[in-house]
Novice: 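Sharing a structure with you now.
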Amino acid sequence: MLRTEETRNGTAVQEFILEGFPAVEHLGILLFLVHLLAYVASLLGNMLIISITCEDRRLQTPMYFFLSSFSFVECCFITTVIPQLLAIFLSGRQTISFAACFTQAFVFLFLGATVFFLMAVLSLDRYLAICKPLHYPTIMSPRACFFLVAVCLVSGFLFMGGPVVMLSRSLYCGPNVIPHFFCDFGPLANLSCSETRPIEMLFFNLALIVLFTSLLIAIFAYSKIVVTIVRLPSARERQRAFSTCSSHLIVLSLMYGSCVFIYMKPKQTSRLDTNREAALVNTVVTPLLNPVIYTLRNKQVHQALRDVMSRVKSHRRRNAPSL
């Protein structure tokens, strides 16, 4: 799928150099530890969601199926770039081969688009559960749930695959320093010696469809949810529902805000330096918040965790050697 093209003098870019954050290289060890802690916490939080959903039958519902799928994709998404970032903090600049760079860009964008589609599905699921409770079990059947997750994966693949493959076939004759901590579409387009304007416009239009389609679905769902919550007779129920919705909206605002800042530019080569900081929001901050906000604050999950812990303790007591 990926190939290097030769320039007229017979040379070509065989690898790229990821520059990372040169302004804070003196804080490399500290930043490594902070981001390593955030990465491990994100992985553990998302893996915990997947584990307890599989373990506890009470959580084997459409909502938690979508959350488990979301957590799995999120784990893959952050693993695409965070290990590279950690290596950069430890050793400074990092080299990456041409094929590996474009593979990373494709996987990152494919999984990123899938995350946004899954967030839209999660919003619709909450809308149906709260606003259409009588029809919810029929609409969100197991078959429909698997179908929706498959559509999200296929859509992410199709939307992001074309522009990345087209960009990989353009000419790269130098320089090869990427002012970022991973291979993203904008920096790669900036380094190309070919005319990339048509590819950038295609990517811009597809990214626009992904972001704003999923955003409109989320806005529709949560606006309907808010209207339903306002009509609840109990003030305590309203307060609890608004607390949950506000937490979800914070995550949505962070994700959509940072992605609009990075990708909603017809010319992808602008503001590359500031894109690095915005990318940290999507790759470090929101993956850390998502397990806490979407699941770990949920009373059902708390009860499931308590049940698992009690089973573990009872198992240890039974197997403890008698004195």
Side-chain angles (χ1 to χ4, degrees), residues 16 18-25 27-28 30-47 49 69-94 96 100-119 152 156 159-160 164 178-188 203 207 210-211 214-215 250-265 268 271-294:
F16 294 101
L18 296 169
E19 187 179 47
F21 298 88
V24 292
E25 285 184 353
L27 299 174
L30 176 62
L31 292 173
F32 169 81
L33 293 174
V34 170
H35 288 80
L36 176 63
L37 182 62
Y39 176 56
V40 172
S42 299
L43 286 181
L44 290 177
N46 283 298
M47 289 169 63
I49 292 170
S69 303
F70 181 85
S71 295
F72 176 76
V73 174
E74 190 92 304
C75 287
C76 298
F77 175 72
I78 61 177
T79 302
T80 305
V81 295
I82 298 300
Q84 188 88 58
L85 174 62
L86 296 175
I88 290 173
F89 283 140
L90 279 182
S91 58
R93 293 184 173 189
Q94 284 285 307
I96 183 170
C101 189
F102 274 96
T103 300
Q104 184 187 54
F106 167 71
V107 174
F108 174 81
L109 293 170
F110 153 54
L111 293 177
T114 303
V115 164
F116 281 104
F117 286 131
L118 283 173
M119 289 184 74
C152 291
F159 272 89
M160 294 294 106
V164 175
I178 297 176
H180 213 320
F181 60 90
F182 68 97
C183 296
D184 203 358
F185 190 90
L188 287 171
F203 176 80
V210 171
L211 289 176
S214 57
L215 178 60
I250 289 171
V251 174
L252 288 171
S253 300
L254 286 172
M255 290 193 66
Y256 283 104
S258 57
C259 281
V260 167
F261 180 82
I262 296 171
Y263 298 112
M264 289 298 95
K265 304 184 293 288
Q268 283 289 309
R271 295 198 305 232
L272 291 178
D273 290 336
T274 51
N275 283 358
R276 286 178 295 198
E277 287 73 19
L280 283 175
V281 175
N282 271 342
T283 56
V284 178
V285 178
T286 53
L288 184 60
L289 293 176
N290 281 338
V292 177
I293 288 177
Y294 275 101

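Throughout, residue positions are numbered sequentially from 1 according to the sequence presented.
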Novice: Quick one: closest heavy-atom pair of Ala41 and Leu288, and the distance?
Specialist: CB-CD1, 3.5 Å
Novice: Report yes if the side chains of Phe21 and Leu85 come closer than 4.5 Å at any heavy-atom pair, otherwise no.
Specialist: yes
Novice: Contact between Phe77 and Thr114 at the side-chain level, heavy atoms closer than 4.5 Å - yes or no?
Specialist: no
Novice: What closest approach, in Å, do Gln104 and Cys183 show between heavy atoms, and which atom pair accounts for it?
Specialist: OE1-N, 2.9 Å
Novice: For residues Ala113 and Met160, report the shortest heavy-atom separation together with the two atoms involved.
Specialist: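 Minimum heavy-atom contact is CB-CG, 4.0 Å.
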Novice: Please identify each residue that fulfils side chain to side chain donor-acceptor pair (under 3.5 Å) with Ser214, with sequence neighbours left out.
Specialist: Tyr256
Novice: Considering only heavy atoms from C-beta outward, does the side chain of Thr283 approach that of Phe181 to under 4.5 Å?
Specialist: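 In short, these two side chains touch, coming nearer than 4.5 Å.
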Novice: Compare all side-chain heavy atoms of Leu43 with those of Ile78 and state whether any distance is below 4.5 angstrom.
Specialist: yes
Novice: Under the side-chain hydrogen bond (donor to acceptor under 3.5 Å, both in side chains) definition, can you give me all pairs with a residue in residues 77-92, not counting sequence neighbours?
Specialist: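 Of all non-adjacent pairs touching residues 77-92, those that pass side-chain hydrogen bond (donor to acceptor under 3.5 Å, both in side chains) are Tyr39-Thr79, Ser91-Gln94.
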Novice: State whether the number of non-hydrogen atoms from other residues, nucleotides or ligands found under 6.0 Å of Phe32 atom CZ is greater than 12.
Specialist: yes
Novice: Looking at side-chain heavy atoms only, is the closest gap between Leu109 and Asp184 below 4.5 Å?
Specialist: yes
Novice: Do the ring planes of Phe182 and Phe108 sit parallel (below 30°), tilted (30 to 60°) or perpendicular (above 60°)?
Specialist: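 Tilted.
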Novice: Excluding sequence neighbours, so at least two apart, what forms side chain to side chain contact (heavy atoms under 4.5 Å, CB included) with Val34?
Specialist: Leu30
Novice: Rounded to the nearest 0.5 Å, how far apart are CG of Leu31 and CD1 of Ile88?
Specialist: 12.0 Å
Novice: Can you list the steps and then say if Val115 with Phe70 is a side-chain contact (heavy atoms from CB on, under 4.5 Å)?
Specialist: CA-CA 7 Å; Val115 164; Phe70 181 85; 3.7 Å; yes
Novice: Should the pair Phe106 and Phe110 be assigned to parallel (<30°), tilted (30 to 60°) or perpendicular (>60°) ring geometry?
Specialist: parallel
Novice: Between Pro179 and Pro187, which heavy-atom pair has the shortest distance, and what is it?
Specialist: CD-CB, 4.4 Å
Novice: Evaluate the ring planes of Phe117 and Phe159, with Trp represented by its six-membered ring, and classify them as parallel (under 30°), tilted (30 to 60°) or perpendicular (over 60°).
Specialist: tilted
Novice: For side-chain contact (heavy atoms from CB on, under 4.5 Å), just list the numbers for Cys101 and Ile178, CA-CA rounded to whole Å, side-chain angles, deciding distance to a tenth of an Å, and then say yes or no.
Specialist: CA-CA 10 Å; Cys101 189; Ile178 297 176; 3.8 Å; yes
Novice: For the residue pair His35 and Phe89, does the interplanar ring angle fall in the parallel (under 30°), tilted (30 to 60°) or perpendicular (over 60°) class?
Specialist: tilted
